[in-house]
Asks: 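Dumping the structure here so I can ask a few things about it.
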Amino acid sequence: MIVGGDVASQRLARELVARDDRVWRLRGPGADPSWSQEPVGVGTASVWLPPGVTPQTDVVYLAAGRGHRGRPDLADARRELEPWTSATEARVVVVASAAVHEPTSHSPGMISEAEWAAPREGNEVATAWARLEEELGALFANADASLAILRVPTVAVPGGNDPVSRLLTGALAFPSAGFDPPLQLLDVADLAAAIEAVLSRGAVGVLQAAPRRVLSLRQAIRAAGGRRVAVPFAARLLGGFDPDERQYLRHPWTVSGRRLAEVTGFEPRFTSAETLERQFGREPSPWPEPDPYGQDRRYIDRLGATWFRFLHDVYWRVEVRGLEHVPRRGGAVLVGTHRGFQPWDGVMVLQLLARELGRYPRFLLHPTLVKFPVLTPYMMKLGGMVASRANADWVLERDELLGVYPEGVRGAFALYRDAYRIDRLGRAEWVRMALAHGAPIVPFVTVGSAESFPILGRIDCDAWKRYSLWPFIPLTTPLPLPSKWHTEFLEPLPMAGRYPPEAADDPEVVTAIHDEVRDRMRRSMEGMVRRRRAIFFGGAFERGER
């Protein structure tokens, strides 16, 4: 049985029939009040159980096609699926939506099923999908039938009723100005294959299907043949989107399909770009290999040859020691101190390592850095990732460099008089990351960035905190001052061979490593501050060590 009525549902029905001609639709009550079966068609189907009849079949319920503007219809879901709870051999697959992951600046991207959290900012679309999953879970808790909820990202088809499909269908697209989130566009054929894999393996629970690779919103509009007309977020209804829908065109809500692959062996055939080309009838485009988190190394190199080079070599005249301690290959955790309110110290480390070593670290970010227009795509292209354990694991599993500022946003907003004090390096989660992956810890310290934006005072304002996610309004200079910077990379602390991965759960080991790193960074920072002759010129290292 297939239940669904929108354009995407109709295409999916055809795909399922093409893959398996044993799929049937159960036709509801008519002139003959008995079950009648016929090869599956398109459109909707009603469930009607005659007295004494217990259905035994596979049921695919397409929740996205039964509601309004991409939202599910909870009453319809209960009405259609409740009769199947008593079917002993029935297997029910509900095609839900990855839109359950509320798109906000807190979203880490590439979210797993285990990372899902209830909507925190009241997005009605995410709330509706969360309620659907909750109610269906309760409905089938003690049922004879099995239930699998398959979360899928956008199934992009012309005329689809979700926000992304509606944006891509028209000749003019009206995304929010200053945002360019990564999108996952799942081909209908891949969705059919995922459903078939779930049914054939008898998978249950919540699973997520994701396409191969992502595509930026800007690229998707171009691939669909539309013209992009960016509008301010304040123009909330322009383009036919309500405020909650427009959030899905601002922040990432990408998901990981790893668990589905592990449970069923499902592997998608098509990338997001290929999906658009197939569904919208466009000519294939030579898209570059996209990064799932948006890092753009060509963008970094372009800025590294111009603007970043000027800042690093001319404006702040960054003096560097210990670059040989940064691994030329393999994963490592770079642990630094962040001062001066703006994240330029991390950008200068990125510039240095990309230019000198050809390595592009990814820094874990506070959500405030991916909340605002223009700043959000800029930080993502530089490799910034919202701080989360899953994102850190993703980086280290690929033997890349992970950059962390464990003092967090409060270290960045430290008063100038306390700028070169180190008390504690956060909750030591960075130590657990390094231990779990056997990655060396490379501490580094920068002196001089605190003088670029010296924080002379702070204003505590609740309204500003809610809007910006900053802990304070800093009283500082409007533009960065040309102080001279000094950066030192310290000798790495090896983890592999010294500690087993299980040591990540040993508080004594974690605390000992944290304290050792903190003490070394403190001595390095105090030594540089003591040796430098002035804030705006002079060196902080011994001659021959730069």
Side-chain angles (χ1 to χ4, degrees), residues 1-6 8-9 11-13 16 58-82 84-85 91-103 107 111-119 123-141 143 145-157 160-165 184-188 190-199 203-211 244-245 248 253-260 263-264 266 268:
M1 171 193 162
I2 300 175
V3 179
D6 67 337
S9 302
R11 295 195 179 191
L12 175 60
L16 286 171
D58 295 336
V59 181
V60 179
Y61 179 81
L62 306 168
R66 305 292 283 178
H68 173 65
R69 295 170 71 89
R71 296 166 173 81
D73 185 329
L74 271 64
D76 181 85
R78 287 192 297 269
R79 181 175 61 254
E80 295 281 6
L81 297 178
E82 186 172 10
W84 298 94
T85 59
R91 296 179 297 182
V92 177
V93 178
V94 175
V95 180
S97 175
V100 71
H101 300 295
E102 186 178 29
S107 175
I111 308 169
S112 70
E113 295 87 346
E115 288 180 289
W116 178 85
N123 184 291
E124 291 184 2
V125 178
T127 300
W129 285 108
R131 190 176 298 121
L132 174 77
E133 292 189 11
E134 180 181 350
E135 293 199 10
L136 291 183
L139 182 65
F140 282 82
S146 66
L147 172 67
I149 295 177
L150 185 62
R151 294 176 183 160
V152 300
T154 297
V155 181
V157 294
N161 64 4
D162 63 276
V164 176
S165 290
Q184 291 176 309
L185 307 176
L186 188 67
D187 195 276
V188 174
D190 279 334
L191 175 54
I195 293 171
E196 186 180 54
V198 170
L199 290 172
V204 296
V206 178
L207 299 159
Q208 295 177 161
D244 289 331
E245 289 180 313
Y248 290 89
W253 46 294
T254 51
V255 298
S256 168
R258 176 185 293 185
R259 182 168 179 264
L260 179 64
V263 172
T264 70
F266 166 74

Asks: Apply side-chain contact (heavy atoms from CB on, under 4.5 Å) to the pair Leu186 and Thr154, showing each step before the final yes or no.
Replies: CA-CA 6 Å; Leu186 188 67; Thr154 297; over 6 Å; no

Asks: Quick one: does Leu185's side chain get under 4.5 Å of Val164's, heavy atoms only?
Replies: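 Leu185 vs Val164: side chains touch.
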
Asks: Give me the atom names and distance for the closest heavy-atom approach of Pro268 to Pro211.
Replies: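 That would be CG-C, 3.9 Å.
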
Asks: Quick one: pull up CD in Glu115 and NE2 in His101 and give me the separation to the nearest 0.5 Å.
Replies: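 Interatomic distance, Glu115 CD to His101 NE2, rounded to 0.5 Å: 8.5 Å.
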
Asks: For the CD1 atom of Ile149 and the CG atom of Leu136, what is their distance to the nearest 0.5 Å?
Replies: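 One finds 5.5 Å between CD1 of Ile149 and CG of Leu136.
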
Asks: Is the backbone of Ala99 close enough, under 3.5 Å, to the side chain of Tyr248 for a donor and an acceptor to pair up by distance?
Replies: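 Confirmed, Tyr248 side chain pairs with Ala99 backbone.
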
Asks: If you look at every heavy atom in Ala209 and Ala194, which pair is closest and at what distance?
Replies: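 Nearest heavy atoms, Ala209 then Ala194: CB-CB, 4.2 Å.
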
Asks: Verify, without hydrogens or angle tests, whether Thr85 (side chain) and Glu82 (backbone) share a donor-acceptor contact under 3.5 angstrom.
Replies: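 A pair under 3.5 Å: yes.
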
Asks: Rounded to the nearest 0.5 Å, what separates atom CD in Glu196 from atom OG1 in Thr264?
Replies: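 Rounded to the nearest 0.5 Å, the CD-OG1 separation comes to 10.5 Å.
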
Asks: Rounded to the nearest 0.5 Å, how far apart are CD of Gln184 and OG1 of Thr254?
Replies: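 Spacing of CD (Gln184) from OG1 (Thr254) equals 5.0 Å.
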
Asks: Is Val92 close to Val94 at the side-chain level, that is, under 4.5 Å between some pair of heavy atoms?
Replies: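 They are in side-chain contact.
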
Asks: Can you name the closest pair of heavy atoms from Asp73 and Tyr61 and give their distance?
Replies: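 In terms of heavy atoms, the two residues are closest at O-OH, 4.0 Å.
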
Asks: To the nearest 0.5 angstrom, please state how far the CD atom of Glu102 sits from the OG atom of Ser107.
Replies: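 The distance works out to 9.5 Å.
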
Asks: Could you go through Val60 and Leu62, starting from their C-alpha distance and side-chain angles, then the distance that decides it, and tell me whether this counts as side-chain contact (heavy atoms from CB on, under 4.5 Å)?
Replies: CA-CA 6 Å; Val60 179; Leu62 306 168; 4.0 Å; yes

Asks: Do you know the tightest heavy-atom contact between Val198 and Val93?
Replies: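 In terms of heavy atoms, the two residues are closest at CG1-CG2, 3.9 Å.
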
Asks: Report yes if the side chains of Val263 and Leu260 come closer than 4.5 Å at any heavy-atom pair, otherwise no.
Replies: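 Not touching, per the 4.5 Å side-chain cut-off.
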
Asks: Using every non-hydrogen atom in the two residues, find where Leu81 and Phe140 come nearest and quote the distance to one decimal.
Replies: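 For Leu81 versus Phe140, the nearest heavy atoms are O-CZ, 3.9 Å.
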
Asks: Is it the case that the side chain of Arg91 and the backbone of Leu199 share a donor-acceptor pair, with hydrogens and angles ignored and the cut-off at 3.5 Å?
Replies: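 A pair under 3.5 Å: yes.
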
Asks: What heavy-atom pair brings Trp253 and Pro153 nearest, and what distance separates the two atoms?
Replies: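 Where Trp253 meets Pro153 most closely, the heavy atoms are CZ3-CA, 4.4 Å.
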
Asks: Going by an N to O cut-off under 4.0 Å, is there a salt bridge joining Arg151 and Glu113?
Replies: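 Looking at Arg151 and Glu113, the cut-off is not met.
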
Asks: What distance separates Asp190 CG from Ile195 CD1, expressed to the nearest 0.5 Å?
Replies: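 Rounded to the nearest 0.5 Å, the CG-CD1 separation comes to 11.0 Å.
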
Asks: Is there side-chain contact between Gln208 and Leu150, with heavy atoms separated by less than 4.5 Å?
Replies: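 No, their side chains stay 4.5 Å or more apart.
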
